[in-house]
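Heads up: numbering here begins at 1 and tracks the sequence.
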Amino acid sequence: MSAGRGDHSAPGLRRTAQMLLTTAAGCVNAVGYLALGGVFTSVMTANSALLGLALAGGYPAVAHLAALAIVAYLVGVALGSKAALGSRQRPPGMRGALVAEAVVLWAVWVFWLAVGGEPGSAQQATLLAGGSLAMGCQSGGVRIVTGGAQTTAYMTGAITGVVSELVANKQFQKHVALIVVLIPVGAALGGLAIRWARLAAPAIPALLVTAALVVVSRAAPPAKAA
């Protein structure tokens, strides 16, 4: 990851949008972990480990949820990547991927309200699939738009980069470090919402992604005429 000038941290995604999306990812992961069966929505490394542990330990419910999250995330990556790809009329951009993500997250919130914020096992699976699909859309779009130069939903590579750059080149990547911190900030926000404003909890990441969509849409150049 490299920081650019102005409000840009990498080609195609403004820094403000990256911060909003990272906070949203932390929040969605907290809601998934605390209220949807102890599974993450964007951290597929952790979910893969959970899947293996659940299979080995005889916990089929956890294994089912972890596998569902992985599959839904992969589908979301495909959709987000496709939405972000350029065409003859437009260059690669995040608008399509963010529109898809926002629609899914708002749908998750509506469903969450319909079950009173207390989903049963089947409803948990539906909500988890929606959250993972949304995170996949985000990650796929970000990867296409930035060429893999940045991430907003999983931070192992970013943390590694901050430390390795500091050791190897004596450079502290302040912006990247800030983005890393926003994952636990978003998770804390989601956790507090689950505890004190449960019905509103899934609306927070939906609002953050919608705000990122506004930022990206205002910054995007007009489409070229065919």
Side-chain angles (χ1 to χ4, degrees), residues 1-30 32-33 40-50 52 69-70 73-74 76-78 80-81 83-86 91-98 101 131-132 134-191 204-205 208-209 211-216 218-221:
M1 286 187 194
S2 61
R5 296 179 180 179
D7 193 35
H8 293 273
S9 58
L13 184 62
R14 296 183 73 85
R15 183 169 295 179
T16 302
Q18 187 189 11
M19 294 171 66
L20 289 166
L21 292 175
T22 304
T23 307
C27 190
V28 174
N29 275 292
Y33 185 81
F40 297 102
T41 55
S42 72
V43 190
M44 294 305 115
T45 302
N47 283 345
S48 297
L50 284 173
I70 292 170
Y73 180 84
L74 293 175
V77 170
S81 299
L85 284 171
M94 277 297 294
R95 282 180 293 183
L98 291 183
E101 181 185 6
S132 298
M135 289 296 97
C137 281
Q138 181 184 130
S139 296
V142 169
R143 184 167 184 84
I144 290 295
V145 168
T146 69
Q150 64 181 202
T151 181
T152 58
Y154 48 90
M155 291 294 147
T156 303
I159 294 171
T160 303
V162 169
V163 176
S164 63
E165 280 295 312
L166 183 62
V167 172
N169 300 317
K170 303 298 187 290
Q171 294 181 353
F172 180 62
Q173 298 176 313
K174 295 181 181 179
H175 166 64
V176 181
L178 174 61
I179 292 300
V180 169
V181 169
L182 287 176
I183 283 283
V185 168
L189 186 61
I204 297 172
L208 290 169
V209 171
L213 174 59
V214 171
V215 170
V216 168
R218 287 181 174 178

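No donor-acceptor distance shorter than 3.5 angstrom exists from the side chain of T23 to the backbone of G186, with no hydrogens or angles considered.
The structure places SG of C137 at 9.5 Å from CG of L98, a figure rounded to the nearest 0.5 Å. From L213, atom CG reaches atom CZ of R95 across 9.0 Å, with rounding to the nearest 0.5 Å.
A30 meets the side-chain contact (heavy atoms from CB on, under 4.5 Å) test with A187; sequence neighbours excluded. With sequence neighbours left out, the ring pair (Phe, Tyr, Trp, His ring centres under 6.0 Å) criterion links Y73 to no other residue. In this view, Q138 and E101, T152 satisfy the side-chain hydrogen bond (donor to acceptor under 3.5 Å, both in side chains) rule, not counting sequence neighbours. Looking at residues two or more places apart in sequence or on another chain, you find no side-chain hydrogen bond (donor to acceptor under 3.5 Å, both in side chains) involving T22. Every residue meeting the side-chain contact (heavy atoms from CB on, under 4.5 Å) condition with A46, not counting sequence neighbours, appears here in chain and number order: F40, V43. Judged as a side-chain contact (heavy atoms from CB on, under 4.5 Å), and not counting sequence neighbours, the contacts of L189 are I204.
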Exercise for the section: Step by step, work out the side-chain contact (heavy atoms from CB on, under 4.5 Å) result for R14 and V216. Expected result: CA-CA 7 Å; R14 296 183 73 85; V216 168; 5.8 Å; no
Practice task
Starting from the C-alpha separation in whole Å, work towards a yes-or-no answer on side-chain contact (heavy atoms from CB on, under 4.5 Å) for L85 and I144.
Solution key: CA-CA 7 Å; L85 284 171; I144 290 295; 3.9 Å; yes
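Heavy-atom minimum distance, A25 versus A153: CB-CA, 3.8 Å. Considering every non-hydrogen atom in both C27 and P205, the closest pair reads SG-CD, 3.5 Å.
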